[in-house]
There are 2 protein chains.
Amino acid sequence: MGNRFPTGGKRVTIGDVAALAGVSKGTVSKFLGDGDYYIAEETRARIAAAVAELDFQPNAIAQGLVRRRTQTVGVIVASIANPVYPEMIAGIQAVLEERGFTLIIGSSEGRPEREAGIVRSMRQRQVDGIVMASVTMRDGEVAALVGDGLDVVLASRNLARGDLVDAVVVDNVAGARAAVEHLAGHGHTRIAHVAGPQDVVPFTQRRQAYCDAVSDAGLDADPDLVTVAEASTLEAGADAVRRLLALPEPPTAVFVGSDGMAIGALEHCARAGVVVPRDLAVVGFDNIWVGRMPGISLTTVDSHARDVGTRAAHRLLSRIEARWEGRSSPPPRPAAAETTVLPAELVVRGTCGCASDVPLRALAPSS
Amino acid sequence: MGNRFPTGGKRVTIGDVAALAGVSKGTVSKFLGDGDYYIAEETRARIAAAVAELDFQPNAIAQGLVRRRTQTVGVIVASIANPVYPEMIAGIQAVLEERGFTLIIGSSEGRPEREAGIVRSMRQRQVDGIVMASVTMRDGEVAALVGDGLDVVLASRNLARGDLVDAVVVDNVAGARAAVEHLAGHGHTRIAHVAGPQDVVPFTQRRQAYCDAVSDAGLDADPDLVTVAEASTLEAGADAVRRLLALPEPPTAVFVGSDGMAIGALEHCARAGVVVPRDLAVVGFDNIWVGRMPGISLTTVDSHARDVGTRAAHRLLSRIEARWEGRSSPPPRPAAAETTVLPAELVVRGTCGCASDVPLRALAPSS
DNA sequence: CTCCGGTAGGAAACCGATTTCCCATGGCCG
DNA sequence: CGGCCATGGGAAATCGGTTTCCTACCGGAG
C-alpha cells in the first residue's frame, strides 16, 4: 500500500515516476533539477513521459527540507487594511513571484508582541528572508535577527545605524519639509502637525522634520500645534484635528503624517463645517489612491509604496542569492547593509489652497 | 560538524535538544507534541530545560513533511490592490492565525492562467486548503480540484451547482435588486448598469439581477443601457459611464457593479461637469471604506467582505479538521458542500439623490 | 592488452522531525 | 512466585525529495 488515509487524492511521488520510467529516484531527481548530470537521451525521454503521464508535481515541502531553502519569503505589515500596504505588497509580489518565490504575509496590527510572534512563526516555516514594513520592533531586536543569519530587508523604515540591516525608505525628511514649506509658501504661519504613533520610525522622522522645517522657516513653533495620534487611522486623524481646532489659537494649516489620518481629518472638517482649504489647509503623506478622487483631492507627499516594495524585494533577493551562490567552502561574508532612499515628491491637489484642483470641488453644488 | 555552510546561524534541531537532555529524539518529540505519552516528571524537566537553553524552535518544514499537513492555507484574490480583498484577507487572517495557520496569498490579476499557476504552486507547497476569492476559473476546474482531494472554499463566488464546493457569498441578486428598486423609487425610469467583467461570477449575477429588476419594475429595458467594463477598475468605470452618457438618450441613474468602478464613474462625472446626483444618480456595490468619505458619499450595497472572509475561513477550517480527525480507518466521507449566503444591504448616502447625505457636499463651496 | 577518461545510472545517506514498535522495569494480583 | 499491566523511553522506519559516492561500460591512447 503506502499511502495514509486522510490524504484524499493519493499524491504521486518521485518514486512513482521512477518506477514507471524504470529508473531510480535519484535519476529522476537529476533529470528534474538543473544540475548538469549525464543522462542518456533515451532515458530522459522515458522520464519525461512518466512525469507527464502521472502529472508529477514535486513536493515543495520535501524539497525545502533537504535544500534548506523554501523559496518563500515573509512580509510583515502593520495592517493589511491600510491601503499603503497592499500597494507595497503588490510591488513585492510582482518581483518575487517572477523568480518563483511565494509570499507569506503577516499583519502585526501595530502590536509589537504580535510582530515577534509572526517572525517566530516565519522562521519556523523556514522562510528564506523577510521584508519588514513599518515595524515597531526595536532596533536591537531587528539587528539580532540578521545577526542570527536571517535575511531581512526593512521597507519604509530604517534603523539608526544604516549599516546593520538593509532598508528601502522614502525620504521622509525631505517630504515633510516640502509639505511644510509649501504651506508656508501660501502664507500660513500657524502650521500644525498630526503625527502618527511615535513607535513607528517614519512617523517620528516626519515629525522631527516638520519641527525643523517650522523653525527653519521662522514660523510659529508652538508645541501645542503638534499632536500625536494613537494610530494611523481615519478616526485617530479626525480626533487629532478636532483637538487642534479646539485650541485657543487654532492653526490655519496642518501637515498630517499619513493620508489615512489626513482623510479622517478631512472627514471631521466636513462634519464640523470647517471648510478645507479656506479654513484649514491640509497636506497628507503617502499618496494613497483615494486621495486623488475629486471629492477628496488631497495634497500629499508621495511615498512610492509600490516602488519601495519592488526595491525591497530586489534587495532581499540578491541577499538570498548571494548566500546560496557561495555554496563552495568560503563562509559567505555578508555584504554590508545599505539603505536606499527614494525621493519623496509633493503632489499638489486641492486641500492645500492652490487653485489647481479646487474647481472640481466647487463644481459640485447641492442638487 | 554536521551543519552545512550557507546556513548562517546554525539551527538547533531536536537532536541537539535530545543530546543535551540525555534522551532520544523520539522522547523529545513526544514531550513537545500533545499526544499522551508517559514521560517521567524528572525527564520532562530536563527536556524543558534543554529546550529553553537552546531556544529550540521546531522546523515546520520537517514537521509538515511527516505530518502531511502544513498548517498553511492559500488565499487567491483577483488583485490585492483592490480594497475589497485586503478587507476579506483581514477577516480570513483573523480566524486562521488564531488557530495557528499561516496564510500564503496569491494575486491572479484576473488572468485565469495565472490563477491556475498559483493553485499549482500552492498545492506543491502542500497547503492544507485554499480560499478562492472571486475566481475566474471555470466551474469544472474548480470542482476537479476538490475532487482531487483539496479542501477549497469559494469566497464571494459560487458555482452553478452549490453542492460541489463550499462557498460563502453575498446575496448579489437581492443586493442588485435593492439598488435598482431604490433608484426606481426616486422616479428614475432610465436606469443603466455598468457591469464588471463577465467571467467573474458575481458580476454576471449582479447584471442578471439588474435586468430582472428593471423588467419587473416595468422600466426602460434598453439593452444600450447595459455596458460591460473590461476590468473592475476606476478607469474602466469612468470609461463605461462616459459611454453611457454619450448615448442619444442617456440614463438618469446608473447601478454600477462595483465600488471601484462606481468611484471611477464619479471621477469621470466630476471631470465632465456632470453633477451627481442631479444629472446622474449612482449606486455602487461592495461598500469599500472610501465610499463613505464626505467628498464621495457613495450610495452602495454592502457586500460584507470581511464577514465573507471570516466565514470562509471557518468553513475551510472545519473541513480541514474533519479530514484529520477521522484519522482512524474510515476513509473520511466528505461532508456535503454548502453555500452560505449573506444578506446584502443597501447603504444609502449621497450619490443616489436621497437628501440624507448630500448636505456635506454642499457644505464645501469654493474657497 | 591495460589504463584512463567520459558517460550513465544505481544505492544509500541525509534533511528534521513524528510515530510505531519494542524492550525494560517494577508493583500488584492471583 | 510467576505473570501481567502500567510506566518510561530507546531504535528505527518514514515522509519525499536531493546529492554524494560508487560502479560499469565503452572507446581510444599508451
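Not measured: the values here are computed from a predicted model. Chain naming here is simple, since letters A, B, ... match the order of the sequence lines and numbering starts at 1 in each.
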Result of checking Ile320(B), Val95(B), Ile92(B), Thr70(B) against Phe101(B) for side chain to side chain contact (heavy atoms under 4.5 Å, CB included): Ile320(B)
Closest-nucleotide 5' rank along DNA chain C - winner of Thr27(A) and Tyr38(A): Tyr38(A)
Closest-nucleotide 5' rank along DNA chain C - winner of Glu41(A) and Lys30(B): Glu41(A)
Main-chain N/O of Ala21(A) paired to Arg46(A) side chain as donor or acceptor, under 3.5 Å: yes
Expected output: side-chain Arg323(A) to main-chain Gly149(A) donor-acceptor under 3.5 Å: yes
Would you mind reading off the distance between [X] atom [atom1] and [N] atom [atom2], rounded to a whole angstrom?
X        : N       : atom1 : atom2 : answer
Phe31(A) : dA8(C)  : CZ    : C1'   : 15 Å
Asp34(A) : dT18(D) : CG    : P     : 10 Å
Leu65(B) : dT19(C) : CG    : C1'   : 13 Å
Ile39(A) : dT19(D) : CD1   : P     : 13 Å
Arg46(B) : dG8(D)  : CZ    : P     : 13 Å

Closest to side chain of Val66(B), choosing from dG10(D), dT18(C), dG17(D): dT18(C)
Sugar-phosphate only, base, or nothing, as touched by Thr13(A) at under 4.0 Å among non-hydrogen atoms: sugar-phosphate
Given [N], is OP1 or OP2 found less than 4.0 Å from the side-chain N or O atoms of [X]?
X        : N       : value
Arg68(B) : dC15(D) : no
Thr43(A) : dG9(C)  : yes
Gln63(A) : dG17(D) : no

Ion pair check, Asp148(A) and Arg123(A), cut-off under 4.0 Å: yes
Strand-adjacent residues in residues 48-56 of chain B, judged by heavy atoms under 4.0 Å from DNA chain C: Phe56(B)
Residue mapping more 5' on DNA chain D - nearest nucleotide basis, Ile14(A) or Ala40(B): Ala40(B)
Glu42(B) vs Ala62(B), nearer the 5' end of DNA chain D by closest nucleotide: Glu42(B)
More than 12 heavy atoms from other groups under 6.0 Å of CZ on Arg138(B): no
